[in-house]
J.: 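Quick one: the structure is below, questions incoming.
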Amino acid sequence: MKLEPYMKHGLVQRSMYHCRLTIENEIRRLLEVRSIDAESARSRLRTIMAAGSSSEKVKPSNDYIAGVAAGVATVLIGHPFDTIKVKLQTQRRNAQASQYRNGVHCLMQIVRGEGARGLYRGATPSFVGMSLESALLFGIYTQLRSTFQAGDENSPLLYSVLPAGFLAGASVSTVLCPTELVKCRLQAQVKRGSAGGRSLQVYDGPVDCVLRTVRSEGVQGLFRGFTATFAREAFGNSAFFFTYESTRHYMLSRLGLRTNRVVKDRDEALMERGSMSSVYTNHLMEAGVGIASGGLAGIAFWLVVLPIDVAKTRIQISEESIQSRNPVVHLRAIHKELGIRGLYAGLGPTLIRAFPANAASIVTWEVVSKFLAGNY
């Protein structure tokens, strides 16, 4: 069939033109649909992100409540180790009757003389102090870190984590100092009639300790050792949170998990696809990361500030008004008397305590925070 006659009348040209218009219209329609879908998806994403961020801003109390739970977990796990640490720090080399050779020997002496309850001597002020301390510490730290990072929660920044940890630690010193003093005095005393022991001064309990301290030293006596407590908490928590944030971010990134603590949108997306097992797996991996990062952070805390803690303990258990409360004076005296080992007295039980106690604290804090945010 010859096309020349039709070409002359333009029939082929008109057919090709209409075909091209049809194709162009269809392509334009498809692009408009895709544009609407893309815009709809972007709008939904912005809504989800806004809801997630607003929930964190509306309920800043979550971290304070979770901090209380973290403090209770810390005392339950760590107080027996803390009792051994205080006993080792306060013993004198020339007092052979109350000499402990090491942490294990100290543990056996306490259990033999006072039973398992002796390991929790002074636990009542610890529960009160640690609950208040952890609530303030985690709550203030979270808010300060978020402020310094301008809401960017994806990665820890040195200029935000260190000052936030320092200021949060400094802020809890006022609450912590009196409870630490009562705890240390109750832990350091040797029960009458205990094996190989002698009575330093026996308090009937934390209330009796507070009343006797106020009666003999005044209210300011409860704040004996405040300077050392301030230094320990401020510098120690800088090291704690930097180690925690850095380790946590690295491990979660390697595992392919998000580093934000509130991740409700991710969990909901997994559940919508029917991947409940993936949700549980992610929560288990995050708990494992919390154990590792919290434990290492606790070790970092005590490696940095243990000498200051030794001086603080010496200052707080003393009831002599003429004794210096300057931690530097005590650090020099301890170094002169006992050397470097004296500055790190109780290092073994302290580090053994640091990992499980702080791991329990961090995991409890993260789990309770997620629960309050509706992630469990």
Side-chain angles (χ1 to χ4, degrees), residues 74-75 77-96 98-111 118-123 126 130 133 165 169 176 180-181 183-188 190 225 228-244 247 291-318 327-362:
T74 302
V75 177
I77 300 296
H79 193 80
F81 298 99
D82 192 64
T83 299
I84 296 172
K85 180 202 73 173
V86 171
K87 295 275 191 184
L88 292 173
Q89 288 178 345
T90 56
Q91 67 176 340
R92 303 289 181 177
R93 294 300 179 188
N94 57 358
Q96 297 298 325
S98 60
Q99 178 71 34
Y100 303 112
R101 293 192 295 271
N102 50 49
V104 176
H105 181 250
C106 181
L107 171 65
M108 298 302 296
Q109 289 290 93
I110 295 172
V111 173
L119 296 172
Y120 282 92
R121 182 177 294 278
S126 287
M130 284 301 298
E133 180 208 1
L176 193 61
E180 279 278 302
L181 180 137
K183 173 185 72 71
C184 288
R185 290 189 175 183
L186 290 175
Q187 288 175 324
V190 179
T229 304
F230 180 94
R232 187 192 74 173
E233 294 301 310
F235 291 106
N237 279 294
S238 292
F240 177 88
F241 282 111
F242 177 72
T243 304
Y244 162 67
T247 306
I291 291 172
S293 58
L296 292 175
I299 290 175
F301 179 100
W302 287 109
L303 286 177
V304 170
V305 301
L306 187 60
I308 300 175
D309 183 69
V310 174
K312 179 196 75 69
T313 302
R314 291 284 185 95
I315 294 170
Q316 289 187 323
I317 66 168
S318 174
V328 176
V329 172
H330 285 270
L331 288 172
R332 289 175 177 172
I334 294 169
H335 182 265
K336 183 178 180 180
E337 178 187 356
L338 304 172
I340 295 295
R341 289 187 61 184
L343 296 175
Y344 283 89
L347 178 63
T350 298
L351 294 185
I352 293 173
R353 167 193 179 273
F355 195 98
N358 287 280
S361 174
I362 287 294

J.: Could you give the distance from CD1 (I362) to CZ (F240), rounded to the nearest 0.5 Å?
T.: 4.0 Å
J.: Using every non-hydrogen atom in the two residues, find where S361 and T74 come nearest and quote the distance to one decimal.
T.: CB-OG1, 3.1 Å
J.: Only counting residues at least two apart or in another chain, list the ones meeting side-chain hydrogen bond (donor to acceptor under 3.5 Å, both in side chains) with S293.
T.: none
J.: Could you list the residues that satisfy side chain to side chain contact (heavy atoms under 4.5 Å, CB included) with I291, not counting sequence neighbours?
T.: F355, A359, V363
J.: According to salt bridge (Lys or Arg N to Asp or Glu O under 4.0 Å), who are the partners of R232, at least two apart in sequence or on a separate chain?
T.: E180, D309
J.: Side chain to side chain contact (heavy atoms under 4.5 Å, CB included) with P80: which residues, sequence neighbours excluded?
T.: L119, Y120
J.: Which atom pair, heavy atoms only, marks the closest approach of A228 to K312?
T.: CB-CB, 3.6 Å
J.: Of D82, T313, T83, which meets side-chain contact (heavy atoms from CB on, under 4.5 Å) against K183?
T.: D82
J.: List in chain and number order the residues that pass side chain to side chain contact (heavy atoms under 4.5 Å, CB included) with L347, two or more places apart in sequence or in another chain; answer none if no residue qualifies.
T.: L303, L306, Y344, L351
J.: NE2 of H105 to CE of M108: how many Å apart, nearest 0.5 Å?
T.: 9.0 Å
J.: Could you give the distance from CG (L107) to CD1 (I84), rounded to the nearest 0.5 Å?
T.: 4.5 Å
J.: Where is the tightest heavy-atom contact between A354 and W302, given as atom of each residue plus distance?
T.: CB-CD1, 3.8 Å
J.: Return the minimal non-hydrogen interatomic distance between L343 and V310, and the atom names on each side.
T.: O-CG2, 3.3 Å
J.: List the atom of H330, the atom of A311, and the distance in Å for their closest heavy-atom pair.
T.: CB-CB, 4.0 Å
J.: Ignoring hydrogens, what is the shortest heavy-atom contact between R185 and S318? Give both atom names and the distance.
T.: NH2-O, 3.0 Å
J.: Suppose we screen for side chain to side chain contact (heavy atoms under 4.5 Å, CB included). Which residues come up paired with S238, at least two apart in sequence or across chains?
T.: L162, F166
J.: Could you check whether any side-chain heavy atom of F301 comes within less than 4.5 Å of a side-chain heavy atom of N358, counting everything from C-beta outward?
T.: no
